[in-house]
There are 2 protein chains.
Amino acid sequence: MKTAQRPYLQKTPLRRVTQVDIANELGVAVSTVQRALANSPRISQKTKRKVFHLAEKYGYKPNFIANAFARRKTNMIGTILGKYAINHMEVFAAIEQEANHRGYNVLLSITDFDEQSEHQKVMQMIDHSVDGLIIASANPRWSTYKELVESGLPIVFVTPFVDIPFAPAITYDREYANRIATEHLISLGHKLIAFVDTDSICFTDQSRSIRGYFDSMEQAGLSIDEKYIYYVKPSPNVLPGENRLIIYENGLKAGEYLFSLNPRPTGIVVEGDALAAGLIGSARKFNIRIPEDVSIVSSKAGRLLSQLTPRVTGVKEPHFQMGRLLAKRVIDIIENADSPVEQMSILKGELIIRESTRRVEQRREKREERKKN
Amino acid sequence: MKTAQRPYLQKTPLRRVTQVDIANELGVAVSTVQRALANSPRISQKTKRKVFHLAEKYGYKPNFIANAFARRKTNMIGTILGKYAINHMEVFAAIEQEANHRGYNVLLSITDFDEQSEHQKVMQMIDHSVDGLIIASANPRWSTYKELVESGLPIVFVTPFVDIPFAPAITYDREYANRIATEHLISLGHKLIAFVDTDSICFTDQSRSIRGYFDSMEQAGLSIDEKYIYYVKPSPNVLPGENRLIIYENGLKAGEYLFSLNPRPTGIVVEGDALAAGLIGSARKFNIRIPEDVSIVSSKAGRLLSQLTPRVTGVKEPHFQMGRLLAKRVIDIIENADSPVEQMSILKGELIIRESTRRVEQRREKREERKKN
DNA sequence: CTGTTAGCGCCTTCAG
DNA sequence: CTGAAGGCGCTAACAG
């Protein structure tokens, strides 16, 4: 009949009631209370009722920390996002939603988008005993991560890379995006289509990504001229929350280059909202109208595009879907470490047609052609 | 000499080393190891060295969960943000930075911006034993929160309300923002200045907020005409991550109204990035040039403004400062529950002049005046 | 300066 | 169907 003592009871007046309290009051064993609360079939309905009643009465809440301690499982998953991802908080919202749905909570950490701070945050998460990790890494220390993954820690990556040999990852299909963006312009009669992309060590699949553009052009029998391809250079000074590539200023520069070309492109495929915004800003300076003079389509569109004037056509990156999938993946791995896990998911975006693209004007088209010949 | 047994040692091969392991190997008490690790002055250098050495050798990491369990303190603070706050992730980044700096971690939860989901998320956080809470609430269930605060849980709010009687809060000074935005236009010679604001149960201090506009106008001897004041109505259907008031479409509507007025305002003070963006979109439809025909200034500016064309002048909401202050506040309360806590901080923004505002053209100004007389 | 001891709240195994 | 007991890793009070 002897049960655990609670010598410090009076010291902590705000203490929540525990299983022990209920057990004591009911003159029953703690394990009985526990099983009742877990609705175990091994407990009689009568006992369960009594336990539930008391639990309700005293507002019993399981102690998350004690539970985590005893089970050696926190039901928390850590998420590491680079600062630049601030623009993609839908991803996080989706992660959280899916995770909550499956009984997990999410610890978020924003990194400075550099190796050191990323590594530090990851370690912090691990110290906090997260059950799994979602990492949006741009400067990955693969050696470290490889070790972690091999040590059994469930990690899912979201990266612009196409191949991560040792861990599951999710990525956005940039090749596909460039293809349908380009095809969209072609379908509107554009022939002189420029291409603006980022160029960085981060994006090693860049050569593959541009294939979407090349292929579409070739298939349509259109010639490709290198001078219509512009690679954004990383900008040295950026505000917090921006990355060095996809920022307004770089769009401005791209515009300055492209709008000075002769003949001028009639359509532009550009990566990302901010670059598109910069292009629009640049067009104004050149007194170029969009879409009357130039059509613009973004191959990696977020929420900004629909707030620009004109609203920009683009291939929408499926942030929400990404988030849900990320959460699903880690949790699947956590809960069944041996289950076969598809290594890489390549998510496709969807073309949303807005006001920045339109059919090439006959006049213009003819004029351009005459110039060529 | 007898120390704790580890019967399950072999069952968990990936187990991290514990203080007990070190104590055993050193033939010393656990508490000694503990004090050594805490660098207590009560331990001899020699012992400390031995302990540190072993800890290093075995890669000892304190077990966060066990620690939290024993101390009944998690060093985690929960943050509840409404979906709309997705645009303000700088706030979160700042919270995290400050919190980490002081040895805390941050649990984030995104709510659907309604009472129910907010309440649920708060409770979830509490179940997870956070030490304190930061709540960006727009539909606060004050009665619930009052209870929580009175029960001793450290909570800091960030709200558009000016008064929360029972808890510390941080808010953005909208009256001040409207004042300097209006004054900016006045200083550029504008006389016919329209005012676009939100109108909702959320924003009960609205009447106070508009005073910034009224006062400036009166001080400048300018007349105020109600028809130049436009209140945004909540939009029924919004995308995730948007709130019902400050969205592009509502800016469009505001523009449709204002740009049809006769005489047309030469300057507009508008709340928020999205409304400003909508105003610009609307201006295009009316073939109105910004800033040549109409100047626009936002009284609650975020990061979007500088990506619009033209880049919009605005009073920048100090997101980063807010975040740091929020974290500082909760932690101060957590660590010294009795310390006097300033109840409300009202943060002021800073005017950033960009391209959407300019001096009224003489011609135009004269014409408007003639019309009036 | 160091050791002993008794929990924190919950879970799990083993024994009825 | 129920009970008893031990342990998770760390902390803190007390005793030298």
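Note on naming: letters A, B, ... go to the chains in the order of the sequence lines (proteins, then strands), and numbering restarts at 1 for each one.
Applying the 3.5 Å distance criterion, the base of dG3(C) shares a donor-acceptor pair with the side chain of Ser31(B).
Aromatic ring pairs are classed by plane angle as parallel below 30°, tilted from 30° to 60° and perpendicular above 60°; the pair Phe166(A) and Phe157(A) is perpendicular.
Taking the side chain as every heavy atom from C-beta outward, Val106(A) and Met76(A) never approach each other to under 4.5 Å. Counting only heavy atoms from C-beta outward, the side chains of Ile80(A) and Ile134(A) never approach each other to under 4.5 Å.
The distance between atom CZ of Arg71(B) and atom C1' of dC8(C), rounded to the nearest whole Å, is 13 Å. Rounded to whole Å, the distance from CZ on Arg72(B) to C1' on dC10(C) is 14 Å. A straight line from CG of Leu37(B) to C1' of dC1(C) spans 16 Å, rounded to a whole angstrom. The distance between atom CZ of Arg35(B) and atom P of dG3(C), rounded to the nearest whole Å, is 9 Å. Residue Lys48(A) contributes atom NZ, which lies 13 Å from atom C1' of dT2(D) at whole-angstrom precision. As a whole-Å value, the separation of Ile22(A) CD1 from dG9(C) P is 13 Å. Atom-to-atom, CG of Asp127(A) to P of dC10(D) comes out at 12 Å; the value is rounded to the nearest Å. Put simply, NZ on Lys73(A) is 22 Å from P on dG9(C), counting in whole angstrom units.
Within the helix from dC1(C)-dG16(D) to dG16(C)-dC1(D), the inter-axis angle between the opening and closing five-pair segments is 40°, rounded to 10°.
The backbone N or O of Asn75(A) lies less than 3.5 Å from a partner atom in the side chain of Asp131(A), making a donor-acceptor pair.
Residues satisfying the side-chain contact (heavy atoms from CB on, under 4.5 Å) criterion with Asp127(B), sequence neighbours excluded, are Arg16(A), Lys61(A). Listed by chain and number, the residues in a side chain to side chain donor-acceptor pair (under 3.5 Å) with Gln321(B) amount to none (sequence neighbours excluded). Applying the salt bridge (Lys or Arg N to Asp or Glu O under 4.0 Å) test to Arg35(B) and every residue at least two apart in sequence or in another chain returns nothing. Applying the side-chain contact (heavy atoms from CB on, under 4.5 Å) rule to Ala70(B) yields no partners; only residues at least two apart in sequence or on another chain are considered.
Nearest to the side chain of Ala70(B), among dG3(D), dC8(C), dC10(C), sits dC8(C).
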(request) With side chain to side chain donor-acceptor pair (under 3.5 Å) as the test, would you mind laying out the steps for Glu335(A) and Tyr104(A) before giving the verdict? (result) CA-CA 11 Å; Glu335(A) 298 190 340; Tyr104(A) 286 74; 2.9 Å; yes
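Close to dG9(C), at under 4.0 Å from its OP1 or OP2, lies no side-chain N or O of Gln34(A). Distances shown here put a side-chain N or O of Thr47(B) below 4.0 Å from the OP1 or OP2 atom of dT2(C). Regarding contacts with the backbone of dC1(D), every side-chain N or O of Gln45(A) stays at 4.0 angstrom or more from both OP1 and OP2.
For the contact set between residues 54-68 of chain A and DNA chain C, defined by any heavy atom under 4.0 Å, the members are Tyr60(A), Pro62(A), Asn63(A), Ala66(A), Asn67(A).
Between the side-chain ring of Phe69(B) and the base of dC10(D), no stacking contact exists by the 5.5 Å and 30° definition.
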